[in-house]
Structure formats: C-alpha cells, structure tokens
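These notes are about the structure you will find just below.
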Number of protein chains: 2
Amino acid sequence: MTNKVDRDKKALEYFKGLLQQKKMRLTKQREVIVRLFLEKEGHLCAEELYLALRKQYPRLGEATVYRTVKLLKAAELASEVNFTGKRRRFEHAFGHPHHDHLICLGCGKTEEFVNQSIEKIQERVVRQYGFAPTRHRLEIFGYCRDCRTTE
Amino acid sequence: MTNKVDRDKKALEYFKGLLQQKKMRLTKQREVIVRLFLEKEGHLCAEELYLALRKQYPRLGEATVYRTVKLLKAAELASEVNFTGKRRRFEHAFGHPHHDHLICLGCGKTEEFVNQSIEKIQERVVRQYGFAPTRHRLEIFGYCRDCRTTE
DNA sequence: ATTGATAATGAGAGTCATTATCAATAAGCA
DNA sequence: TGCTTATTGATAATGACTCTCATTATCAAT
Ligand SMILES: [Mn+2]
Ligand SMILES: [Mn+2]
Ligand SMILES: [Zn+2]
Ligand SMILES: [Zn+2]
C-alpha cells in the first residue's frame, strides 16, 4: 500500500530518469511544475499551475507551464481530460490506474469509478468490430447527490 | 421502418414548429443549413457546412452557420461530439437513438455501437453514487480493422 | 571549476475555432 | 404594403493555446 508521498517521490524520480534518457534537461522550472502537479489532487490545467506558481516564481512563463504539462502527458505522468470542451485538464497517471468519471453539471465536482464488467464488455465490443483499442473514456454527466433536486 | 427521407422531413417540420413556437424566424439561411445537415450523414462541423453551402449561396456568412448549428443542438436535432479536442462536430439526433463511438486514430473513421449491458451497468453505477445522469459518452480510441498492424 | 554546445526559457506574436458587435436586411404579422 | 424587430454578414474580439527567437542555463567534457 504505497502512500501518496512515496508515489510522488517515485513519479519525480521516474520523470528525472526519462529526461536523462532523452537528453533533456532538468530545469528548475520543470522541477517546480512537476512537484506542484504531483502534490495537488484533482484535475488541474496549465493556467492553474501557472497562477499558483507565479507568486513564488514571478519570472516563470506561462508557455513553460503549457510545455511542461504536455511533457508530463508524454511521459505518462499525467493523463488529459476535457469535460467541458474548454480547458485541457490533467490528472495523475503515475501509479493511478485507469478510471472513468461522473461529472456534476451543478457543482462541477467529479467522481472517479471503475467497473470491471463495463471494461470487460468493452473488450467484447471492440473484438466484434475488429478494433484494436488503445484507450477509452466513459464520462457520465448529470447531478450529484448534493445537486440533484429531491422531488 | 421509417426511412431517411421521411425522418429528415419530420425533423425539418419539427424544427420549423419549434421556431414558430419560440417566435423565431424561418430564414432562407436556416432552412438551407438544416437541409444540408440532415441530408449528410456522419459528424459534420460548422465549417464543412459553410464551405459546402457557399458555392450555391456565396453571401452566406460563416457566423450564421455557427449560430444555426448551435440552434440545432438546442433543438435536439443535433448532438455534439468532439473526438479530437479541435473542432466541434454534430451528428443527427432526431430519430437517432443514443450510441457510443469507436474512433480510429489511423484513418479517423468512426463506428457507432450500442451495448445494452454497458448501458444497464451504468445505471447501477450511478445509483451507487446517488448520481442523476443526464447523458454520457463512451469513446474508444484505437485502430480499426484496416489500420491495425497485422503482426 | 571552466568551458562550450545546445536545450530550455520568457515575452510576445501568431493561430485556430468560436463568439460578440452592429449596421443593414428581411421575416412575418397587421 | 408597411412596420417591427429578429436575423444576417462582415469584421473585430476572444480564449486557449502554440510558435518564434533572442537570451539564459544545464551539463558533459575538459
Ligand atoms: Mn479523474
Ligand atoms: Mn455518431
Ligand atoms: Zn454537484
Ligand atoms: Zn482506421
């Protein structure tokens, strides 16, 4: 049962390893962006990371955050979600297995779920179509317990 | 077994009815845009409709197409999809029941499927979370029969 | 430690898809 | 056939990135 702290540490080490392997450099900027991304939970966008970091690092550029977040995705430390059609958001992927989402249209809250039966049936579906899947997303929009009208 | 022609005719009538009901006007532009949308199959975007129509109607404005397509969605004649994160696309909704998608990352082709077991299990999932769903999307990305490498 | 090659950064310009603005036009009812 | 006003088309504006490029910083080799 690895806890968050351990996982984040491993994730960072993994990221550093990848950079070396690809002859990319571990810059101060990349480090602080990755650290903040790992520390925070939920679905973050580049701008949020940028705004949170600019206080302590006023010289940090927004483009660098966009670049780093893209890098994180390529490194599979982050996976992208986009529920609203507006901003791209990123969630932890390192040590976080696949899951699907319930998205509340009232308060914006999201819940994660996994259902093995659904996953299994999907395998059958793709087989029927001769389709070789690489990833999928199942997103259910509606109203959470707190937001649904109780009538 | 209503055929496409009948369904499209009904869809157009329904649209006209809605306009009247909302004291909106049935303009020449709206009519040709809706007609083309209904006539074409697949996932269309505003630009494609615009480009196809500008030949015959060179004075048509692109903004009008964007506006009309939004109207079509509000009228539930169209439903929106966005597989790539780029352009918004619209597919027929009138007389076309819910379905999910297989999207080929090789050739861009999409296939539609419905699986009642998956739909049923989703109902169980949302019940568990006290969630009141309004809609969902299940999109499976990968490679179709023609595009998958046969190794 | 110092150097040097070059990867990365920051500021701002550019892009793309879409939306807003607004004067001119045209539905549709009287 | 007017009259009211919803709608249009041209264009400006916007949001969310992405690119450009001169400057800076990393890091392997000395
Ligand atoms: Mn999630
Ligand atoms: Mn479809
Ligand atoms: Zn809610
Ligand atoms: Zn294909």
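Sequence lines set the chain letters: A, B, ... in the order given, protein chains first and strands last, and positions in each chain run from 1.
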Q: When you get a sec, tell me which of dT11(D), dT9(C), dT7(D) is the closest nucleotide to the side chain of A63(B)?
A: dT11(D)

Q: Output yes when at least one side-chain N/O atom of R59(A) is less than 4.0 Å from OP1 or OP2 of dT23(D), else no.
A: no

Q: Report yes if a side-chain nitrogen or oxygen of R88(A) is closer than 4.0 Å to either non-bridging phosphate oxygen (OP1 or OP2) of dG15(D); otherwise report no.
A: no

Q. OP1 or OP2 of dT19(C) sitting under 4.0 Å from any side-chain N/O of Y66(B)?
A. no

Q. Is dT26(D) paired to anything, Watson-Crick or G-U wobble with both distances less than 3.5 Å, and if yes, which nucleotide?
A. dA5(C)

Q. Can you tell me if the side-chain N/O atoms of R87(B) get under 4.0 Å from OP1 or OP2 in dA17(C)?
A. yes

Q: Establish, with yes or no, whether the OP1 or OP2 oxygen of dA25(D) is under 4.0 angstrom from a side-chain nitrogen or oxygen of R25(A).
A: no

Q: Look at the side-chain N and O atoms of T64(B) and state whether any lies under 4.0 Å from the OP1 or OP2 oxygen of dG9(D).
A: yes

Q | Residue-phosphate contact under 4.0 Å: Q29(B) side-chain N/O, dT25(C) OP1/OP2 | A | no

(Q) Whether K70(B) contacts dT19(C) is assessed here as follows: a side-chain N or O lying under 4.0 Å from the phosphate OP1 or OP2. Is that the case? (A) yes

Q) With no hydrogens and no angle check, do the side chains of R137(A) and H101(A) hold a donor and an acceptor under 3.5 Å apart? A) no

Q) What distance do L19(B) atom CG and Y14(B) atom OH have between them, rounded to the nearest 0.5 Å? A) 11.0 Å

Q: Just compare dT9(C), dA16(D), dG9(D) and give me whichever is closest to any side-chain atom of R67(A).
A: dT9(C)

Q.
Tell me whether the side-chain N/O atoms of T27(A) come closer than 4.0 Å to OP1 or OP2 in dA7(C).
A. no

Q: For H98(B) and R135(B), test the side chains for any donor-to-acceptor distance below 3.5 angstrom and give the result as yes or no.
A: no

